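Below is one structure; the comments refer to it alone.
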Amino acid sequence: MASPCSAHETGRRGWARIHPIPSGTTRRRRRSKRTAAARPLRGRGARSESTRAGLRGSPSTEHSSWNRPRCSPPRGRGRRRAEAQHAAPQTPRPPHSVAMGNTRQKSTGYRARTRDLFSRPFRQKGTIGLSTYMRTFKVGERVDIVANAAQHKGMPHKYYHGRTGVIWNVTKRAVGVEVNKIHRQRQIKKRIHVRLEHVRKSNCDAQHLKRCAENDAKKKALRDAGEPVDLRTMKRQPEGPKPMMVVKAKKTKVETLTPLPYVFRAKNNTENRGDVKYNTKRDIPPIPGPPSPDE
């Protein structure tokens with residue numbers, strides 16, 4: 001009956017899990033003369049060639065420590081790295097509290113990284129005012145979703161914080177808002193229910209509604225007067241160029257500004273440098289400038 005062997009007994013690759021070894025037998029690793037001479041022996045295999053030769057042939061040492069299968073040492077760069085690590089002195093590892101740095105995993109909860117996002121403004125913390133509950137919402141209105149941390153019930157996800165949507169449903173304590181969510185190359189319409197404390201009426205279409213009211217008033221006035229209604233005059237027109245104008249200068253004296261030349265005025269430094277002397281008798285040319293009013 002075959003008895004399976006563990007990966008520790010069969011080597012690093014663990015091929016004996018697929019091919020079990022019969023009980024009562026041992027496996028010996030092949031070692032060429034070149035490999036045995038070149039590779040250093042470590043651990044329980046660090047014995048002389050004569051001792052190993054005697055152990056191999058003696059029947060009493062069939063199950064000795066030398067006949068136990070061991071994993072082969074790495075080859076190439078891995079072998080040199082392993083030998084260098086084995087030869088280098090082993091330094092003690094620092095305690096967990098010292099070695100631990102930024103090893104914690106970032107939280108990915110429902111309200112992760114919302115410490116400043118959901119924080120209430122200055123002097124607006126505490127109990128929510130009654131005016132928040134006295135508002136009226138209708139289907140089709142545009143609202144801004146702004147989470148209020150004073151009310152944890154019905155709070156939307158942090159993605160919808162600060163986004164504008166359209167109301168599609170009104171319930172007892174909440175409203176249904178339809179928001180556009182961009183995911184990669186597509187735009188998805190998401191319908192969520194948000195409590196009244198976390199929504200407020202939007203001003204994104206205030207100018208549009210104002211212009212519609214003004215146009216309706218103009219249409220009614222034209223119909224009452226019996227005049228035709230021209231919708232082209234009610235449309236917004238782009239702002240054209242500014243009208244022509246002539247700029248006239250005042251009758252004053254024109255002053256011309258000229259740049260002043262740079263004149264290097266060196267000091268007498270004969271104490272430190274005897275070869276350089278400042279000629280005080282040399283006349284410095286006058287600096288030209290604008291004419292004086294006396295002239």
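Just so it is clear, the model here is predicted, and its values are computed rather than measured. Only this structure's heavy atoms are used, side chains among them; waters, hydrogens and symmetry mates stay out.
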Euclidean distance, [Y] [atom2] relative to [X] [atom1], rounded to 0.5 Å:
X	Y	atom1	atom2	answer
Leu222	Asp224	CG	CG	9.0 Å
Ile167	Asn169	CD1	CG	9.5 Å
Tyr159	Lys190	OH	NZ	9.0 Å
His157	Ile192	NE2	CD1	10.5 Å

* Quick one: does Arg115's side chain get under 4.5 Å of Ser119's, heavy atoms only? ->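 Counting from C-beta outward, Arg115 and Ser119 never come under 4.5 Å.
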* **Same cluster (ILVMFWY, side-chain, under 4.5 Å), Trp168 and Val179** =>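 Looking at the clustering, Val179 is in a separate group from Trp168.
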Answer yes or no: does atom [atom1] of [X] have more than 12 heavy-atom neighbours from other residues, nucleotides or ligands under 6.0 Å?
X	atom1	value
Lys235	NZ	no
Arg195	CZ	yes
Lys201	NZ	yes

* Which pair of non-hydrogen atoms, one from Met155 and one from Tyr110, has the smallest distance, and what is that distance? ->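 Closest heavy-atom pair between Met155 and Tyr110: O-OH, 4.2 Å.
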Anything under 3.5 Å between a donor and an acceptor, one on a side chain of residues 129-149, the other on a protein residue two or more places apart or in another chain? List them.
from	atom 1	to	atom 2	distance (Å)
Thr132	OG1	Gly129	O	3.4
Tyr133	OH	Glu197	OE2	2.9
Arg135	NE	Thr132	O	3.0
Arg135	NH1	Val199	O	3.0
Arg135	NH2	Thr132	O	3.4
Arg135	NH2	Leu196	O	2.9
Arg135	NH2	Val199	O	3.0
Glu141	OE1	Lys138	N	3.4
Asp144	OD1	Thr164	OG1	2.7
Asp144	OD1	Ser202	OG	3.1
Asn148	OD1	Arg120	NE	3.2
Asn148	OD1	Arg120	NH1	3.3
Asn148	OD1	Ala150	N	3.1

* Asked: Restricting to pairs with a member in residues 162-182, which pass salt bridge (charged side-chain N to carboxylate O under 4.0 Å, His left out), not counting sequence neighbours?
  ->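 Pairs touching residues 162-182 that pass the test: Glu178-Arg191.
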* Would you say His198's side chain and His152's backbone share a donor-acceptor pair under 3.5 angstrom? ->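 No, because the side chain of His198 does not come within donor-acceptor range (under 3.5 Å) of the backbone of His152.
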* To do: Check whether any side-chain N or O of Thr114 sits under 3.5 Å from a backbone N or O of Leu117 as a donor-acceptor pair, and report yes or no.
  =>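 No.
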* With Met234 as reference, evaluate Arg211, Glu214, Lys219 under the side-chain contact (heavy atoms from CB on, under 4.5 Å) test and give the passing residue. =>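 So the option named by the test is Lys219.
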